[in-house]
Amino acid sequence: MTAGAPAEPSGLRSTFLTCPEGRLHVYSAGDLGSPVLLLSGAGIDNALLSWRHLIPALAPRHRVLALDWPKQGRSRPWDGPATHERLLAAITQVLDHFELPSAALVGLSQGGALTLAYAIEHPSRVDRLVALAPAGILSFPPVVHQALWLVAKLPLLSKTLPSAMFRSRESIARFARRALFAGPVDDFDDVVDEIQAEVRIAGAGSSDWQNASIGPLRMRVDLRPRLGEIACPALLVQGDEDAGVNAERTRAAAALIPSGRCVLLEGVGHWSSRQAPERVNPLIGEFLGEGRRAMDGTSPLG
């Protein structure tokens, strides 16, 4: 636990996977039921920030794993870029280490994009998936796109300035209210403390994946043309007041997945797992439970 951040939930275990670039940290909880791998967002996020409330909700019925992406949380130090391909490989490393032929994947934002991409590239290893406000399905008007590409190319804009802006707790709170949430959050002070603890260690700004996913003329990571290849049941969850991912984009993406469906959460912003866990956790739990019942022969796949 980092000083200043809330304590870790009880019952969590930590595993470190040794890699050439550094170490991957994985939380685990629960010993029974089907496996679920949780994949968090970019930048100032980490496994506990996104999944603090979901892990204990799933652990009684599932074997839950939550990955700290390279350069996040306890997956430090890390010597090398955390690109799209490297993050996909990290998912494989986690599944292999825990001897899991397949698992359900649950991802938020950047993690949502990697969840969709992994189901495309490794269909036999994904039983079903949940993508919350997924990246990887977005495009921007030309001028906006070039501005975002310029930010991604210049460390001053993508790292130095955001880190300077996040020096105070008040600035973090303002950012969270405007960019991450769209209403009250029961544990808002804890969220701010957790973000501040992450910023103190690694600074703020966009991730390697975000910076590399945008090219000078178009998105380098655009999964929409291949969403039709996803063979497993898929649930896309989207806040209708998300400042970063337009709800219609997510709805359209779900329609491209043969067994996909979309749930829109009214009055919820980007970080639905922290703003509205009382709505998100049962939604995910029920969807994953459909897979358990299907394997038991008591319910068809949804």
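Nothing fancy with the numbering, it's 1 onward along the sequence.
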query: Roughly how far apart are Leu88 CG and Thr83 OG1, rounded to 0.5 Å?
result: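 Going from CG on Leu88 over to OG1 on Thr83, the span is 8.5 Å.
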
message: To the closest 0.5 Å, what do you measure between CG (Leu100) and CZ (Arg63)?
response: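 Result: 5.0 Å between the selected atoms.
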
- prompt: side-chain contact (heavy atoms from CB on, under 4.5 Å) between Val64 and Tyr27: does it pass, once the steps are laid out?
  reply: CA-CA 8 Å; Val64 183; Tyr27 289 108; over 6 Å; no

message: Determine whether Thr18 and Arg23 satisfy the following criterion, side-chain contact (heavy atoms from CB on, under 4.5 Å), listing intermediate values before the conclusion.
response: CA-CA 5 Å; Thr18 301; Arg23 63 182 192 174; 5.6 Å; no

Smallest separation among heavy atoms of [X] and [Y], with atom names:
X      : Y      : answer
Trp51  : Pro56  : O-CD, 4.4 Å
His25  : Ser14  : NE2-OG, 2.7 Å
Gln275 : Gly267 : NE2-O, 2.9 Å
Glu248 : Asn246 : N-OD1, 2.8 Å
Pro70  : Leu87  : CD-CD2, 3.6 Å
Trp209 : Ala135 : CH2-CB, 3.7 Å

message: Can you confirm whether His270 sits close enough to Leu132 that some side-chain heavy atom of one is under 4.5 Å from a side-chain heavy atom of the other?
response: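 No - every pair of side-chain heavy atoms lies 4.5 Å or more apart.
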
- request: State, with a plain yes or no, whether a side-chain heavy atom of His53 is found less than 4.5 Å away from one of Asp187.
  value: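 Yes, side chains in contact.
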
task: May I ask you to say whether Arg279 pairs ionically with Glu266, meaning some side-chain N is under 4.0 Å from a carboxylate O?
output: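 Here Arg279 does not pair with Glu266 in a salt bridge, since their nearest N and O are not under 4.0 Å apart.
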
message: Looking at Arg76 and Glu198, is there a salt bridge between them, counting it only when a charged N and a carboxylate O are closer than 4.0 Å?
response: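 So Glu198 pairs with Arg76 through a salt bridge.
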
Linked, directly or transitively: Val191 and Leu38 (ILVMFWY side chains, under 4.5 Å):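 Val191 and Leu38: one cluster.
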
query: In terms of side-chain heavy atoms, does Arg249 have a donor or acceptor partner in Ser139 at a distance below 3.5 Å?
result: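 Per modelled atom types, Arg249 and Ser139 side chains form a pair under 3.5 Å.
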
field: Identified side chain to side chain contact (heavy atoms under 4.5 Å, CB included) partner of Ser273 from the options Asn281, Val237, Leu108, Leu54
entry: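 Among Asn281, Val237, Leu108, Leu54, the one that satisfies the side chain to side chain contact (heavy atoms under 4.5 Å, CB included) with Ser273 is Leu108.
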
- request: For Val130 and Thr115, run side-chain contact (heavy atoms from CB on, under 4.5 Å): C-alpha distance rounded to whole Å, both residues' side-chain angles, the deciding distance at 0.1 Å, then the answer.
  value: CA-CA 8 Å; Val130 182; Thr115 291; over 6 Å; no

Solution key, residues 171-180 side-chain donor-acceptor pairs under 3.5 Å, sequence neighbours excluded:
from, atom 1, to, atom 2, distance (Å)
Ser171, OG, Met165, O, 2.6
Ser171, OG, Ser168, O, 2.7
Ser171, OG, Ser168, OG, 3.1

message: Does Trp69 form a side-chain contact (heavy atoms from CB on, under 4.5 Å) with Ser75? I'd like the steps, not just the answer.
response: CA-CA 6 Å; Trp69 290 123; Ser75 289; over 6 Å; no

message: Under 6.0 Å from the ring centre and within 45 degrees of the ring axis: does the NZ or CZ of Arg274 meet both conditions for the six-membered ring of Phe181?
response: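 No, Arg274 does not sit over the ring of Phe181.
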
Is the count of non-hydrogen atoms from other residues, nucleotides or ligands lying under 6.0 Å from [X] atom [atom1] greater than 12?
X      : atom1 : value
Glu99  : CD    : no
Arg226 : CZ    : yes
Asp96  : CG    : yes

